[in-house]
Amino acid sequence: MGKFAQAVELWQLAARAVARPPVPGSRRSQRQRARSELRAQGRYGPEFRDVLPAFVGLGLAVLAPVLLLAWLYRALGVGGLALGAALLAAAAAVGLRWRRTVVRRRGGHYTPAELARLDDRGLVVAAARMLRRDGWRVVDLTAREGRPRLYARDRRGRELDVAVRPVASAAATDEDEGATGPAPLREAGRPGVDRLIRLVVHLGTFSRADVLWASRQGGVHLLDGRQLQRWASGATLDDLGLSGH
């Protein structure tokens, strides 16, 4: 029992030594401070627990096809091996196509069909990606404002306040008898006093009342569905008529 008690006491001392905060000025304290500074700057890199799921997924992605081919070969012979290879090739083609689509969208490029399927949140995300693609620094204010809204600033110092008209109103606007043709992105009056450029994004078309309202505000631009498609295909807001201040 004496030796066991001594071992327990030594273990407790070692545990307290490990848990004890580093002495200021010691090497351990300097290493922890350096790690904290690198993490704050985003330069420390991921820890093992951060990359472990990726390693597990990579291992499964490599192991699963091998096991599938082995099972098909044992069950069907050479024909099963050929079938498995064809299935894997088809899956790889689908996965590659899906990845290209994801990369394209993240880069701020959308097809008209993809735009038509967006909800309010998806339209905000798409607008933010297109702004970043064009060199704007974007802040999403949706959570704070309680409605779809973005703030952006470019290298020229221009400030942009982006509001998104609810997607549900697009169909209703298109069926409105008083609706005009597609309203272009236009300078609707002079810039506001705060020189903030206001942009209203809409999947549908703007009515005459909308255009009249915008013209009375000052510094308001309207971006309708047709102009949105041009923006999503790679055109910049400057190409669409956004004036600089």
Side-chain angles (χ1 to χ4, degrees), residues 4 7-8 10-12 14-15 17-19 22 27-28 31-140 142-143 148 150 164 167-168 203 228-235:
F4 177 76
V8 171
L10 289 175
W11 180 83
Q12 291 176 344
V18 172
R27 292 184 177 179
R28 182 183 174 193
R31 287 196 300 269
Q32 289 188 354
R33 190 182 305 112
R35 284 196 295 267
S36 299
E37 292 176 355
L38 290 174
R39 286 195 183 98
Q41 298 171 7
R43 297 164 49 196
Y44 184 71
E47 296 182 354
F48 178 73
R49 61 185 178 185
D50 298 323
V51 299
L52 180 59
F55 279 119
V56 173
L58 180 61
L60 292 176
V62 173
L63 185 60
V66 173
L67 293 177
L68 175 63
L69 290 175
W71 179 79
L72 288 174
Y73 179 73
R74 291 185 60 184
L76 303 175
V78 178
L81 193 61
L83 176 62
L87 291 175
L88 291 177
V94 172
L96 182 60
R97 183 178 179 182
W98 174 81
R99 183 179 181 279
R100 287 177 177 174
T101 301
V102 171
V103 171
R104 174 173 53 78
R105 290 177 183 172
R106 289 180 177 176
H109 293 83
Y110 288 77
T111 65
E114 291 169 345
L115 289 175
R117 292 194 296 266
L118 295 177
D119 56 9
D120 291 345
R121 181 58 191 165
L123 187 55
V124 170
V125 172
R129 289 173 174 175
M130 288 184 276
L131 285 169
R132 293 190 180 98
R133 178 201 70 197
D134 296 340
W136 295 78
R137 298 179 63 182
V138 183
V139 178
D140 192 342
T142 301
L150 298 171
V164 173
V167 172
L203 282 174
L228 180 61
Q229 290 180 12
R230 288 186 57 196
W231 190 24
S233 67

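Worth knowing before you read on, the calculation uses all heavy atoms, side chains too, and leaves out hydrogens, waters and symmetry mates.
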Checking Trp231 against Arg133 for the side-chain contact (heavy atoms from CB on, under 4.5 Å) test, could you report, in this order, the C-alpha distance in whole Å, the side-chain angles of both residues, the deciding distance, and whether it holds? CA-CA 11 Å; Trp231 190 24; Arg133 178 201 70 197; 3.3 Å; yes
Distance, nearest 0.5 Å, that separates [atom1] of [X] from [atom2] of [Y]:
X: Leu63; Y: Leu68; atom1: CG; atom2: CG; answer: 11.0 Å
X: Arg117; Y: Leu115; atom1: CZ; atom2: CG; answer: 9.5 Å
X: Leu123; Y: Arg121; atom1: CG; atom2: CZ; answer: 10.5 Å

Indicate the atoms forming the closest heavy-atom contact of [X] with [Y], along with that distance.
X: Thr142; Y: Pro148; value: OG1-CA, 3.7 Å
X: Ala235; Y: Asp134; value: O-OD2, 4.1 Å
X: Leu118; Y: Ala126; value: CD1-CB, 3.9 Å

Would you find more than 12 non-hydrogen atoms of other residues, nucleotides or ligands less than 6.0 Å from Arg137 atom CZ?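 Result for CZ/Arg137: open.
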Just do the side-chain contact (heavy atoms from CB on, under 4.5 Å) check on Val125 and Arg105 with the steps written out, would you? CA-CA 10 Å; Val125 172; Arg105 290 177 183 172; over 6 Å; no
Excluding sequence neighbours, so at least two apart, what forms side-chain hydrogen bond (donor to acceptor under 3.5 Å, both in side chains) with Ser233?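 Ser233: no side-chain hydrogen bond (donor to acceptor under 3.5 Å, both in side chains) contacts found.
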Which residue, Gln229, Arg104, Arg129, forms the side-chain hydrogen bond (donor to acceptor under 3.5 Å, both in side chains) with Tyr110? Arg129
